[in-house]
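Only a predicted model underlies this, so the values are computations on that prediction, with no experimental measurement involved. Note on naming: letters A, B, ... go to the chains in the order of the sequence lines (proteins, then strands), and numbering restarts at 1 for each one.
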Protein chains: 2
Amino acid sequence: MTPAGRRGTSAALSPAAVSAIAGELRLACMRISRRVRFESTHEVPPHQFSVLARLQEAPRTPGELAEIERVSPPSMTRTVAALVERGLVARTADPSDGRQVILSLTPEARRVLREIRRRRDQWMTVRVKSLTPEEQDILRQAASILSRVAGE
Amino acid sequence: MTPAGRRGTSAALSPAAVSAIAGELRLACMRISRRVRFESTHEVPPHQFSVLARLQEAPRTPGELAEIERVSPPSMTRTVAALVERGLVARTADPSDGRQVILSLTPEARRVLREIRRRRDQWMTVRVKSLTPEEQDILRQAASILSRVAGE
DNA sequence: TATTGTTATACTCTATAACTATA
DNA sequence: TATAGTTATAGAGTATAACAATA
């Protein structure tokens, strides 16, 4: 009866133990995030990257982007203008509503996004590679749990 | 011979598998970090929080802080001025070198830091609590591995 | 008249260059 | 003369308020 681990079933952890795990995980995630951001921040500033990522999911209007990114419409106008200027975002008129503008990624933007993500993943890949197979296996299982936690 | 997991020993993962795990972990960490930051960002802006955290490690001069935070000395002057104004940082003259200034946290700053960290940890604690004991156990093991990865 | 988006203006954080005080 | 820190000034990003075009 080990305290936990290596078994198909585990005893429930004490609230204090859960808090300790949560605190350590939280801090580790924030540190990793900072390191990764620092690694790839020289191509596109964070707020521009965030908008590009949203537009990769689907074309959107400036108003939608402002709401999603929790930023004011004038700020989004400015950010979008910078991205259009850089040739990363294309503007097209909405055929059914003349007030709206449809924003979408250019091929160049898709290339830039791929490159940034590749570099970010590489930072983490190098570190996971250096772990033992047992540690890698724990992280394999943790990855799907943390994805679920992050997505909630 | 299971592909991986539940055993004391694991087979080495393929490079592609390692990359996939790293990518998923990286993304999850960044999402969690963003959520946590959003949760507690209303007390002190990020750059001020970062300086307070550095000063909690040890009292430092403005120049040291500027170098650590990779920011220009004038920017640090400004950030420090705001923190002094808010009563979170105290300035004392260096007795051995009249050009330098020693910055340290006030008791109020320690209280604010505790409160911010408490709220951040709480966000994560709530989510870890909702997992099964088996999942919690995986995260318990993952936490120490990720801490090591983050600290490198 | 309401909605979408932009322009006008101001505040904050960042930077580089110039300046003051001390070593 | 070199170093620590501040002040002067300018460049992004954010915001609110006012405006133009369309529904």
Side-chain angles (χ1 to χ4, degrees), chain A residues 34 37-38 40-55 58-105 109 112 116, chain B residues 34 37-38 40-55 58-105 109 112 116:
Chain A
R34 181 193 293 199
R37 240 183 307 122
F38 191 80
S40 64
T41 236
H42 304 294
E43 299 238 12
V44 174
H47 66 288
Q48 289 186 14
F49 176 84
S50 196
V51 166
L52 292 180
R54 294 301 184 177
L55 289 179
R60 297 181 203 276
T61 66
E64 285 168 352
L65 286 173
E67 188 173 3
I68 292 170
E69 294 295 313
R70 313 227 189 193
V71 109
S72 69
S75 292
M76 189 49 69
T77 291
R78 200 184 167 84
T79 299
V80 167
L83 288 168
V84 169
E85 174 94 16
R86 291 184 62 171
L88 299 176
V89 164
R91 314 173 46 135
T92 54
D94 185 327
S96 68
D97 185 339
R99 297 169 303 179
Q100 295 195 116
V101 181
I102 312 285
L103 303 171
S104 58
L105 296 187
V112 167
I116 291 174
Chain B
R34 181 193 295 196
R37 240 183 307 123
F38 191 81
S40 63
T41 236
H42 304 292
E43 300 237 13
V44 175
H47 65 288
Q48 288 185 16
F49 176 84
S50 196
V51 166
L52 292 180
R54 293 301 184 178
L55 289 178
R60 298 181 201 275
T61 65
E64 284 168 351
L65 286 173
E67 188 172 3
I68 292 170
E69 295 294 313
R70 313 229 188 192
V71 110
S72 69
S75 292
M76 189 50 69
T77 291
R78 199 182 166 83
T79 299
V80 166
L83 288 168
V84 170
E85 174 94 14
R86 291 185 61 171
L88 298 176
V89 164
R91 313 173 46 134
T92 54
D94 184 326
S96 68
D97 186 340
R99 297 169 303 179
Q100 294 196 120
V101 181
I102 311 284
L103 303 172
S104 58
L105 296 187
V112 167
I116 291 174

Without decimals, in angstroms, what is the distance between [X] [atom1] and [N] [atom2]?
| X | N | atom1 | atom2 | result |
| --- | --- | --- | --- | --- |
| B:Gln100 | D:dT3 | CD | C1' | 9 Å |
| A:Leu65 | D:dT14 | CG | P | 13 Å |
| B:Met76 | D:dT6 | CE | P | 11 Å |
| B:Glu69 | C:dT14 | CD | P | 10 Å |
| B:Ile102 | C:dT22 | CD1 | P | 16 Å |
| A:Arg78 | C:dC11 | CZ | P | 16 Å |
| A:Arg86 | D:dG13 | CZ | P | 10 Å |
| A:Glu64 | C:dT4 | CD | C1' | 11 Å |

Starting at the 5' end of DNA chain D and moving along, which residue's nearest nucleotide shows up first, A:Asp97 or A:Gln48?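 Nearest nucleotide further toward 5': that of A:Gln48.
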Of A:Gly98 and A:Pro45, the one whose closest DNA chain D nucleotide lies more 5':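 So the residue in question is A:Pro45.
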Distance-minimising heavy-atom pair for B:Pro59 and B:Ile102: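 Nearest heavy atoms, B:Pro59 then B:Ile102: CB-CG2, 3.9 Å.
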If you only use heavy atoms from C-beta on, which nucleotide in [options] is closest to the side chain of [X]?
| X | options | answer |
| --- | --- | --- |
| B:Pro73 | C:dT14, D:dA12, D:dT6 | D:dT6 |
| A:Arg99 | C:dT4, D:dT16, D:dA2 | C:dT4 |
| A:Thr77 | D:dG13, C:dT6, C:dT14 | C:dT6 |
| B:Thr79 | C:dG5, C:dT16, C:dT14 | C:dT14 |
| A:Pro62 | C:dT12, C:dA2, C:dT6 | C:dT6 |
| A:Pro74 | C:dT14, D:dT14, D:dA17 | D:dA17 |
| B:Val71 | C:dG5, D:dG13, C:dT14 | C:dT14 |
| B:Ser75 | D:dA12, C:dA23, C:dA15 | C:dA15 |
| B:Val101 | C:dA15, D:dA15, D:dG5 | D:dG5 |

Looking at B:Arg60, I want to see if its CZ is surrounded by more than 12 non-hydrogen atoms of other residues, nucleotides or ligands under 6.0 Å.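 Buried by this count: over 12 neighbours within 6.0 Å.
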Mark yes when over 12 heavy atoms from residues, nucleotides or ligands other than B:Glu67 sit less than 6.0 Å from its CD; otherwise mark no.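 At most 12 heavy atoms, drawn from other residues, nucleotides or ligands, come within 6.0 Å of this atom.
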Heavy-atom donor-acceptor pair, A:Glu64 side chain to A:Thr61 backbone, under 3.5 Å: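 Yes; judged by distance alone, with no hydrogens or angles, the pair exists.
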Polar side-chain atom of A:Ser50 near backbone of A:Pro46 as donor-acceptor pair, under 3.5 Å: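 Between the backbone of A:Pro46 and the side chain of A:Ser50 there is no qualifying donor-acceptor contact (under 3.5 Å).
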Just to confirm, is there a sub-4.0 Å distance from OP1 or OP2 of C:dT4 to any side-chain nitrogen or oxygen of A:Arg91?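 No, because none of the side-chain N or O atoms of A:Arg91 sits under 4.0 Å from OP1 or OP2 of C:dT4.
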